[in-house]
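Convention: sequence-line order gives letters A, B, ...; per-chain numbering from 1. This structure is a prediction, so every number in the text was calculated from the model and none was measured.
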Number of protein chains: 2
Amino acid sequence: MKKKIIRIKDIAERAGTSKGTVDRVLHNRGRVADDVRERILEIIKELNYEPNRIAQSLKSQRTYNIAALIPDPNEDSYWEAPLKGIEKAEKELRQYGINITRYIFTPHDEHSFNAKANEATRENPDGVLIAPIFYKEALPFFKNWKSLNIPYVLFNTQIESVEPLCYIGQDSYRSGSLAAKILSFGLPEPCTLLVLHINEDIPNSAHLITKEEGFRNFFKQNGRAERYKVVSKDINFYEGGVIDGHLDAIIKKESGIAAIYVTNSKAFEVAAYLEKLGRKDIKLIGYDLLAPNLDYLNKETIHFLINQNPLGQGYWGIHQLANHLIFKQEVAPIKFLPLDIITKENLDYYLDPA
Amino acid sequence: MKKKIIRIKDIAERAGTSKGTVDRVLHNRGRVADDVRERILEIIKELNYEPNRIAQSLKSQRTYNIAALIPDPNEDSYWEAPLKGIEKAEKELRQYGINITRYIFTPHDEHSFNAKANEATRENPDGVLIAPIFYKEALPFFKNWKSLNIPYVLFNTQIESVEPLCYIGQDSYRSGSLAAKILSFGLPEPCTLLVLHINEDIPNSAHLITKEEGFRNFFKQNGRAERYKVVSKDINFYEGGVIDGHLDAIIKKESGIAAIYVTNSKAFEVAAYLEKLGRKDIKLIGYDLLAPNLDYLNKETIHFLINQNPLGQGYWGIHQLANHLIFKQEVAPIKFLPLDIITKENLDYYLDPA
DNA sequence: TGAATAAAAGTGTTCGAGCACGCAATGTGA
DNA sequence: TCACATTGCGTGCTCGAACACTTTTATTCA
């Protein structure tokens with residue numbers, strides 16, 4: 001059986017002209033008489049013509065070079081997942097001419113970021129995917145890319161006041177509220193909840209503050225502010241240190257801590273500590289399906305993880321750029337990924353998403 | 001910049017032969033000397049040749065007709081979502097020649113199913129997507145399709161002992177365990193949990209029994225069987241009836257019910273009842289993001305919903321058939337969709353998945 | 001040895017869109 | 001009036017794979 005696809009040629013025949021003319025109308029290349037143009041446009045509408053993307057991309061043999069600026073997964077294994085997602089998208093889109101160059105910089109090292117971002121810019125890519133964990137350092141690049149007309153997609157960390165093609169990631173505020181909701185479901189009695197920011201450069205991490213806001217406001221808006229007391233702490237112990245001392249101090253000072261909310265992927269550090277202490281009573285919720293987190297999730301030391309879907313972030317980031325560059329589609333400025341609640345029982349389905 | 005794609009012609013040149021010969025090797029059409037064949041196969045491996053799917057599908061103009069056998073969404077709005085998913089997949093795949101005919105049958109009416117399934121078979125489709133809610137009636141069709149070499153994909157209801165191209169849906173057992181996990185997280189005290197099968201033909205609904213098993217075994221395996229008592233009931237009140245009387249009787253008989261697990265999308269019926277009674281203390285968990293369920297989820301009468309992603313089921317079902325028919329890919333026999341835990345706070349992200 | 005026949009290999013067209021090119025008709029200026 | 005530009009429009013090639021068709025080479029038997 002044959003496909004009933006409307007071709008340029010069909011339109012041309014109906015309009016009593018040639019496909020070249022229709023083509024000029026379709027691409028606004030001018031050099032067409034006004035009356036013919038009108039007629040052709042009408043027929044296009046009438047027949048509901050849609051260009052055959054398959055033929056289109058077969059013809060246009062150009063490649064699109066996308067630069068991906070990602071922190072080194074050897075420093076923080078969280079970044080393995082976005083790279084996997086990027087790879088997956090690359091495979092799917094290679095046939096459409098998408099080519100990705102990875103620029104890996106060291107987290108906690110602004111110079112490394114600057115160097116790599118400069119390198120990427122020098123290659124004059126057709127688009128950029130970036131995890132902007134260095135807020136201040138990234139700003140001038142955004143400006144530069146804008147002036148160079150290079151579309152850039154942010155992921156993981158939402159940054160206000162710039163205009164990327166698109167942001168991909170989660171709604172941090174909602175994320176905090178969700179954590180609060182789950183914890184409070186398991187805590188019928190009045191108690192204290194601890195919010196922990198672990199090994200993060202807070203001035204550069206507005207999204208973690210937003211998470212905390214969402215967390216705190218959940219209790220305020222639900223009129224449970226009196227039953228639940230929220231305390232937040234920053235802990236920093238870079239370079240092979242241990243968290244124990246910090247937590248000892250906090251627990252000593254704050255009595256009645258019934259639950260801990262870790263705002264990044266470092267919940268396993270807290271879990272290790274709780275396990276050492278044998279404190280099975282403290283509820284623990286954190287982020288991301290890293291191997292050490294999964295260990296403790298299976299042991300139920302970590303009760304829930306919220307999946308930020310870092311793989312999906314990389315995947316969709318590249319896809320959004322492709323949608324813009326190749327398929328000339330409108331791209332929504334924000335693509336929020338779902339806030340997946342993960343527990344031992346449903347974990348498997350989120351490990352290797354399709 | 002040009003794409004560096006390896007073409008049949010490239011292989012031919014290297015092998016010192018013509019593209020026709022390479023083509024015959026690629027498609028095992030014979031009529032090629034053994035030594036040439038070997039040489040070409042080696043070069044193919046060496047150059048890591050992958051056929052350009054874009055050119056392939058441009059050339060092959062054939063259409064694939066897929067029959068979709070789905071219950072009427074006017075009878076049970078649950079089925080709206082799979083139809084939406086099918087529509088979405090249809091749009092994406094129309095250019096590749098996928099054509100979908102929908103055969104809508106009445107749930108609770110085996111004759112209607114038989115009639116539609118017969119109708120679909122008569123059209124001799126290239127593939128079938130089916131929600132096999134009538135176990136017994138569906139079996140002979142599976143047999144027939146197998147003999148006709150028509151691949152069929154099951155979704156929503158997993159059926160053992162048949163060999164579909166693929167099953168798409170959830171792991172019912174895990175689903176039950178997950179419900180148990182969440183409820184027990186919110187119930188520190190010993191109590192009774194009620195499992196409800198509402199308006200279901202149980203002999204035809206093995207997957208609901210499996211859910212119950214998963215639910216019960218969660219408590220057994222966690223050594224909490226003594227703290228948590230599980231009671232299960234079937235309730236049937238077709239045709240505009242009310243659930244209240246049934247639930248009154250159950251609650252009177254079983255004291256200390258602290259939570260209810262509804263195994264299908266009818267949690268809203270229970271929620272309406274609980275709201276009437278003003279019982280805010282009973283935890284309620286159910287399935288699916290139907291409008292009435294969402295109402296009660298936002299009011300927090302329903303505490304959690306597990307999303308069976310019926311839209312995704314339809315969507316992936318069609319895609320799996322396309323992967324098989326068009327792209328000649330191996331299709332995994334089971335595609336479990338994630339068990340998404342939905343609450344008021346993360347609901348939005350699951351309503352219109354990309 | 002030569003004709004008949006089978007096997008092996010090469011050629012050319014198609015799919016739909018894009019775009020370079022070329023041709024004809026009209027317009028413009030000296 | 002001629003030279004040349006501009007406008008309007010049509011033709012034909014390209015992309016990579018598929019496949020029908022043709023041509024060349026090898027094999028068999030009289």
Side-chain angles (χ1 to χ4, degrees), chain A residues 1-41 43-44 47-64 94-98 325-328, chain B residues 1-41 43-44 47-64 94-98 325-328:
Chain A
M1 209 188 284
K2 278 262 188 78
K3 278 195 256 185
K4 24 138 196 57
I5 277 189
I6 295 122
R7 300 159 300 165
I8 286 188
K9 209 181 152 192
D10 299 321
I11 299 166
E13 273 168 20
R14 264 225 205 194
T17 174
S18 80
K19 69 195 191 79
T21 308
V22 177
D23 184 77
R24 274 182 288 267
V25 172
L26 280 168
H27 296 86
N28 287 314
R29 268 196 262 279
R31 309 198 151 228
V32 179
D34 278 358
D35 58 322
V36 179
R37 220 175 65 90
E38 296 282 308
R39 192 148 38 93
I40 288 176
L41 282 174
I43 294 172
I44 286 173
L47 295 184
N48 207 357
Y49 168 77
E50 274 188 39
N52 185 334
R53 302 242 169 253
I54 297 167
Q56 251 174 351
S57 60
L58 174 63
K59 179 64 182 103
S60 89
Q61 286 296 89
R62 75 160 284 191
T63 45
Y64 296 89
R94 207 184 36 218
Q95 300 217 323
Y96 293 91
I98 289 290
L325 292 170
I326 304 180
F327 305 116
K328 317 286 180 211
Chain B
M1 212 187 280
K2 277 262 187 81
K3 276 196 256 185
K4 23 136 196 61
I5 277 189
I6 295 122
R7 300 158 300 165
I8 287 187
K9 210 181 152 193
D10 299 321
I11 298 166
E13 273 167 19
R14 260 219 205 202
T17 174
S18 80
K19 67 199 188 80
T21 307
V22 177
D23 184 75
R24 273 181 289 267
V25 172
L26 281 168
H27 296 83
N28 286 313
R29 267 196 262 281
R31 312 208 147 219
V32 179
D34 278 356
D35 58 322
V36 179
R37 221 176 63 92
E38 296 281 308
R39 190 148 39 94
I40 288 176
L41 283 174
I43 293 172
I44 286 173
L47 296 183
N48 208 354
Y49 169 77
E50 274 187 40
N52 186 333
R53 304 245 167 248
I54 297 166
Q56 257 176 344
S57 63
L58 173 63
K59 179 65 180 93
S60 88
Q61 287 296 91
R62 74 161 287 189
T63 46
Y64 296 88
R94 207 183 38 219
Q95 298 217 323
Y96 293 92
I98 289 290
L325 293 170
I326 303 179
F327 303 117
K328 317 287 181 210

Within the 4.5 Å heavy-atom criterion, are [X] and [Y] side-chain neighbours or not?
X	Y	result
A:I40	A:T21	yes
A:L58	B:N52	yes
B:L41	B:R37	yes

Any side-chain N or O of [X] below 4.0 angstrom from OP1/OP2 of [N]?
X	N	result
A:Y49	C:dA17	yes
B:Q56	D:dA18	yes
A:S18	D:dG10	yes
A:T17	D:dG10	yes
A:R29	C:dC19	yes
B:R24	C:dA9	no

*Mind listing the closest non-hydrogen atom pair of A:Y49 and A:I8 along with its distance?*
OH-CG1, 3.4 Å

Take atom [atom1] of [X] and atom [atom2] of [N], then tell me their distance rounded to the nearest Å.
X	N	atom1	atom2	result
B:I5	D:dA17	CD1	C1'	12 Å
B:K59	D:dG16	NZ	C1'	11 Å
A:N52	C:dT14	CG	P	18 Å
A:D23	D:dC13	CG	P	17 Å
B:L58	D:dC19	CG	C1'	14 Å
B:I8	D:dA17	CD1	P	5 Å
B:I54	D:dA18	CD1	P	13 Å
B:N28	D:dC19	CG	P	13 Å

*Of all of residues 30-40 of chain A, which get a heavy atom below 4.0 angstrom from DNA chain D, listed by number?*
A:R31, A:V32, A:A33, A:V36

*Quick one: which of B:D10, B:I43, B:I11, B:V36 gives a side chain to side chain contact (heavy atoms under 4.5 Å, CB included) with B:V22?*
B:I11

*Could you say whether B:L26 or A:K19 is positioned toward the 5' end of DNA chain D, judged by the nucleotide with the nearest heavy atom to each?*
A:K19

*Is the number of heavy atoms from other residues, nucleotides or ligands within 6.0 Å of CZ (B:R31) greater than 12?*
no

_I need the B:Y96 OH to B:I326 CD1 distance, nearest 0.5 Å._
8.5 Å

*Looking across every strand, which nucleic acid part, if any, lies under 4.0 Å from A:K9 by heavy atom: base, sugar-phosphate, or nothing?*
nothing

